[in-house]
Asker: 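Let me give you the structure first, and then I'll get to my questions.
Just so you know, these numbers use all the heavy atoms, side chains as well, and skip hydrogens, waters and symmetry mates.
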Amino acid sequence: METAATPSPRDETLGVIGIGAMGEPMVRRLLAAGRSTVVSSRSPRPALVEAGAAWAASPRELAERAATVLSMLPDLPELDAALAGPDGLLAGLGDDRELLVLVGSTSSPTGVREIAARLAAATGGRARVVDSPVSGGVDGAEAGSLSIMLGGEPADAARAAAMLAPCGRAVHLGPLGAGEVAKACNQLVVAATISALGEATVLAERSGLDLDALWELLGGGYAGSNLLESRRDRLVRGDDSPSGIARYLVKDLGFAADVAEATGTNPALLPALRAFFDEIVERGHGDRDMSVARRVIAER
């Protein structure tokens, strides 16, 4: 069995599955930092291979070649599918390999713990899980400035942090599921902020204010935020072309509601935010950028 005392190329390699809007720029940051990286996807990724990534034809091959695998798949059902079957990640372990699965999606803390328990039972503890959701969007992935929220055993979290260092700042926040709780909190703040920014923009516009001057001024005070900085031009121009997809916040706020229920918390903002983002989707704007909040406020 491979151990920390006998590192192998597989130990030093990070596998990535889920090469989408976030996964691809993260892989590019890993490659730029010299991290040995293997990728797997339903469709070939010749540009990443040309940039230096190795290609795995299946999740099974990914696990055969990398002791740590980052899943940037949309959610846990997609990860379950990648784990199972003759070509799945677990099939790549054989009888003696270990695997650390990093769950980079925004997912249910309970669901992450359930997957970890199933993997441990199926492999005698050789397959383990760290939840590692990220915040910072595509811009942060491209810049290598993501906030990476880790939950899991300390040694596993330390390994995850070392592997993901080129992608941003990774912080271990507690036991398995802690990263997903942190991401739910993050998304609650994001949803509240973009909703307030959209509403304030409509109020200011209908009052005849210069929107560009307004947000330049307010951005230097307590109303300033990274979200305002990244969405300011969109809010001023009314540009909600797809980027940070609005409908994803419906799922994320649902996870926040699960955490509220599990902790006996009676939130004030969360129910209103869930209703608002449900409305965004019902109005047919779910695939627009979250700054579509401005448009929906104006439509109401």
Asker: Taking the side chain as every heavy atom from C-beta outward, state whether Pro109 and Val112 have any pair of such atoms under 4.5 Å apart.
Answerer: no

Asker: Would the distance check show the side chain of Asp87 and the main-chain N or O of Arg60 forming a donor-acceptor pair, the cut-off being under 3.5 Å?
Answerer: no

Asker: Around atom CZ of Arg237, are there more than 12 heavy atoms from other residues, nucleotides or ligands closer than 6.0 Å?
Answerer: yes

Asker: Using a 3.5 Å distance criterion without hydrogens, assess whether the side chain of Arg206 forms a donor-acceptor pair with backbone atoms of Ala298.
Answerer: yes

Asker: Check for me, please, whether Met290 and Leu273 land in the same ILVMFWY cluster - side-chain distances under 4.5 Å, paths through other members count.
Answerer: yes

Asker: Is there a donor in the side chain of Asp240 and an acceptor in the side chain of Ser291, or the other way round, less than 3.5 Å apart?
Answerer: no

Asker: Would you check, one step at a time, whether the test salt bridge (charged side-chain N to carboxylate O under 4.0 Å, His left out) holds for Arg128 with Glu153?
Answerer: CA-CA 9 Å; Arg128 301 182 305 283; Glu153 292 297 319; over 6 Å; no

Asker: Would you indicate whether the side-chain heavy atoms of Ser207 and Glu205 approach each other to under 4.5 Å?
Answerer: no

Asker: Determine, using the 4.5 Å side-chain heavy-atom cutoff (strictly less than), whether Val49 and Ile19 are members of one ILVMFWY cluster.
Answerer: yes

Asker: Does any part of the side chain of Leu76, heavy atoms only, come nearer than 4.5 Å to the side chain of Glu114, both counted from C-beta?
Answerer: no

Asker: Compare all side-chain heavy atoms of Arg283 with those of Arg295 and state whether any distance is below 4.5 angstrom.
Answerer: no

Asker: Could Arg247 and Asp287 be called an ion pair, given the rule that one side-chain N must be under 4.0 Å from one carboxylate O?
Answerer: yes

Asker: For Leu62 versus Gly15, what's the shortest heavy-atom pair and its separation?
Answerer: CD1-CA, 3.8 Å

Asker: Given the rule that I, L, V, M, F, W and Y join up when any side-chain heavy atoms are under 4.5 Å apart, are Leu79 and Tyr248 in one cluster?
Answerer: no

Asker: For Ser230 and Leu227, work out which heavy atoms get closest and say how close.
Answerer: OG-O, 3.1 Å

Asker: Just how far is it from atom CD of Glu12 to atom CE of Met163, taken to the nearest 0.5 Å?
Answerer: 6.0 Å

Asker: When Val27 is tested against each of Leu14, Val16, Leu70 for side-chain contact (heavy atoms from CB on, under 4.5 Å), which residue passes?
Answerer: Val16

Asker: Should Arg232 and Glu216 count as side-chain neighbours, where that means a heavy-atom distance under 4.5 Å?
Answerer: yes

Asker: Looking at side-chain heavy atoms only, is the closest gap between Met72 and Ser105 below 4.5 Å?
Answerer: no

Asker: Quick check: closest heavy atoms across Pro59 and Ser40, and the distance to 0.1 Å?
Answerer: N-OG, 3.9 Å

Asker: Measuring from Ser132:OG to Glu180:CD, what's the distance to the nearest 0.5 Å?
Answerer: 8.0 Å

Asker: How close do Arg294 and Gly238 get, heavy atom to heavy atom, and via which atoms?
Answerer: NH1-N, 3.8 Å

Asker: What I'd like to find out is whether the side chain of Val171 reaches to under 4.5 Å of the side chain of Arg169, using heavy atoms alone.
Answerer: yes

Asker: Out of Glu24, Met22, Met26, which one pairs with Val138 under the side-chain contact (heavy atoms from CB on, under 4.5 Å) rule?
Answerer: Met22

Asker: Give a yes or no answer on whether the side chain of Arg113 reaches the backbone of Leu176 with a donor-acceptor pair at less than 3.5 Å.
Answerer: yes

Asker: Please name the pair of heavy atoms, one in Leu146 and one in Ala141, separated by the smallest distance, quoted to 0.1 Å.
Answerer: CD2-N, 3.5 Å

Asker: Is the closest basic N to carboxylate O distance between Asp131 and Lys183 below 4.0 Å?
Answerer: no

Asker: So Val134 and Cys167, do their side chains get closer than 4.5 Å, heavy atoms only?
Answerer: no

